[in-house]
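Just below is one structure, and these are the notes that go with it.
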2 protein chains.
Amino acid sequence: MAVLEDEGYRATAPRRAIINILAEKQEGFTAEEIGNELPAVGRATIFRTIKLLLKAGVICRLNLMDGAPKYSLSSVEHHHHTVCVRCGNVGEFRAATVERLMRGLSDDIPGNIVGHRLELYIVCDRCTGNPDD
Amino acid sequence: MAVLEDEGYRATAPRRAIINILAEKQEGFTAEEIGNELPAVGRATIFRTIKLLLKAGVICRLNLMDGAPKYSLSSVEHHHHTVCVRCGNVGEFRAATVERLMRGLSDDIPGNIVGHRLELYIVCDRCTGNPDD
DNA sequence: GCTACAAACGATATTCAGTATCAATAACCG
DNA sequence: CGGTTATTGATACTGAATATCGTTTGTAGC
Ligand SMILES: [Mn+2]
Ligand SMILES: [Mn+2]
Ligand SMILES: [Zn+2]
Ligand SMILES: [Zn+2]
């Protein structure tokens, strides 16, 4: 909520409603899910707010294996995601080794690395237990 | 072209036309570009063929920084991509260190890793020279 | 080379995510 | 409070991708 003030955005009712919902979400979420939970809020505003929170760094975007976009709260500055290919649950992880690797890679890559994206596709423990569904 | 036979697909004129175009492409390409170069081929067939070639492993999909899909010939089995955030040019690279890292990561990650996606966003050498455009 | 049959096609309609427009509304500052 | 201006929601629109379906075309078997 402080995000809005910090960036000079107005603390409107729709924005606060969206932020409240996100605050409780453990798993990743889609724009549609948010919209479904807030029928009173216009579709455009959902997308506008998502974009705003992305820019502010409150949430981050990731891609499912098929490229479909999904979002998750960014609890930490820079991190990567695990996505269960069965149930779609999203996890976050940081690993110093990943970042170290990126720095090492810059020697082998032409041009200047300005960012990266790493997604791990997994079958989560819960889904390993239940072969179906 | 052998791909089609190998997988039991018919070697139709549209498919051959698409494959011929791809064979000459150095950079990554979008579905639209292919469609533009082959006005005679129906849009649906472009997408159907892309999907087919993805499954066959002839091309691979990558995501631009904003999530937009792009494709590139997969010259090698498993690899990753660099995307210039200025001009959009796509490069491929392999690095044993990346794959080694993934194996190492599996200890820290809950669940079974079944795949990963790594994209490096860069400013390519050509774009570093030309600050504008 | 035919023929029959299934695979694949293209046109079309449709879905779905995301964006532009714009008049109406509501934050915020004084 | 009241004025200014950011923000909203309805609506229309775009662009990517897919479903449908009658027609075409590859291909295996003769
Ligand atoms: Mn995250
Ligand atoms: Mn590739
Ligand atoms: Zn799972
Ligand atoms: Zn470039």
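None of the values given here were measured: they were computed from a predicted structure. All chains are named by letter (A, B, ...) in the order of the sequence lines, taking the proteins before the strands, and each is independently numbered beginning at 1.
When distances are taken from the side chain of B/E32 to each of D/dT8, D/dA16, C/dC28, the shortest belongs to D/dA16. The side chain of A/A13 approaches C/dA27 more closely than any other nucleotide in the set D/dT7, D/dG9, C/dA27. Which of C/dC28, D/dT27, C/dG18 sits closest to the side chain of A/A11 comes down to C/dC28. Nearest nucleotide to the side chain of A/T45, out of D/dA17, D/dT25, D/dG9: D/dG9. When distances run from any side-chain atom of B/V41 to the nucleotides C/dG18, C/dG10, C/dA8, the shortest one goes to C/dG10. When distances are taken from the side chain of A/A31 to each of D/dG9, C/dG18, C/dG10, the shortest belongs to C/dG18.
A close approach under 4.0 Å does not occur between any side-chain nitrogen or oxygen of A/K51 and OP1 or OP2 of C/dG18. A/T12 has a side-chain polar atom (N or O) that falls below the 4.0 Å cut-off from OP1 or OP2 of D/dT8. OP1 or OP2 of C/dC9 lies within a sub-4.0 Å distance of a side-chain N or O belonging to B/R15.
As rounded to whole Å, 10 Å separates atom C1' of C/dA17 from atom CZ of A/R61. Per the geometry, CZ belonging to B/F47 stands 19 Å off P belonging to C/dA8, to the nearest Å. The distance between atom CD1 of B/I34 and atom C1' of D/dA17, rounded to the nearest whole Å, is 16 Å. The nearest whole Å value for the distance from the CG atom in A/D66 to the P atom in D/dT18 is 9 Å. Rounded to whole angstrom, the span from the CG atom of A/L53 across to the P atom of D/dT7 amounts to 13 Å. Between B/K70 atom NZ and D/dG15 atom P there is a gap of 18 Å when expressed in whole angstrom units. Going from atom CD1 of B/I19 over to atom P of C/dA8 covers 12 Å, rounded to whole Å. One can place CZ of B/R16 at 9 Å from C1' of D/dG26, the figure rounded to the nearest angstrom.
Across all strands, A/A68 comes closer than 4.0 Å to no nucleic acid atom at all (heavy-atom distances).
If you chain together hydrophobic residues whose side chains sit under 4.5 Å apart, B/V114 and A/L64 fall into the same group. B/V85 and B/I122 fall into different hydrophobic clusters, where Ile, Leu, Val, Met, Phe, Trp and Tyr residues are linked whenever their side-chain heavy atoms come under 4.5 Å apart, directly or through other members. Under the 4.5 Å side-chain heavy-atom criterion for Ile, Leu, Val, Met, Phe, Trp and Tyr, B/L52 and B/V41 are members of the same hydrophobic cluster.
Residue side chain A/R48 reaches the base of D/dG9 through a donor-acceptor N/O pair under 3.5 Å, judged by distance alone. One donor-acceptor pair, N or O on each side, does fall under 3.5 Å between the base of D/dA17 and the side chain of B/R43.
Annotation: of the two residues near DNA chain D, A/G42 and B/R10, the 5′-most nearest-nucleotide partner is A/G42. Each of B/P39 and B/Y9 was matched to the nucleotide of DNA chain C holding its nearest heavy atom; the match closer to the 5' end belongs to B/Y9.
Residues B/N89 and B/V83 fail the side-chain proximity criterion, which asks for heavy atoms closer than 4.5 Å.
In this structure, A/S74 contributes its side chain and A/V58 its backbone to a donor-acceptor pair below 3.5 Å.
A salt bridge does not link B/R94 to B/E92: none of the charged side-chain nitrogens sits closer than 4.0 Å to a carboxylate oxygen.
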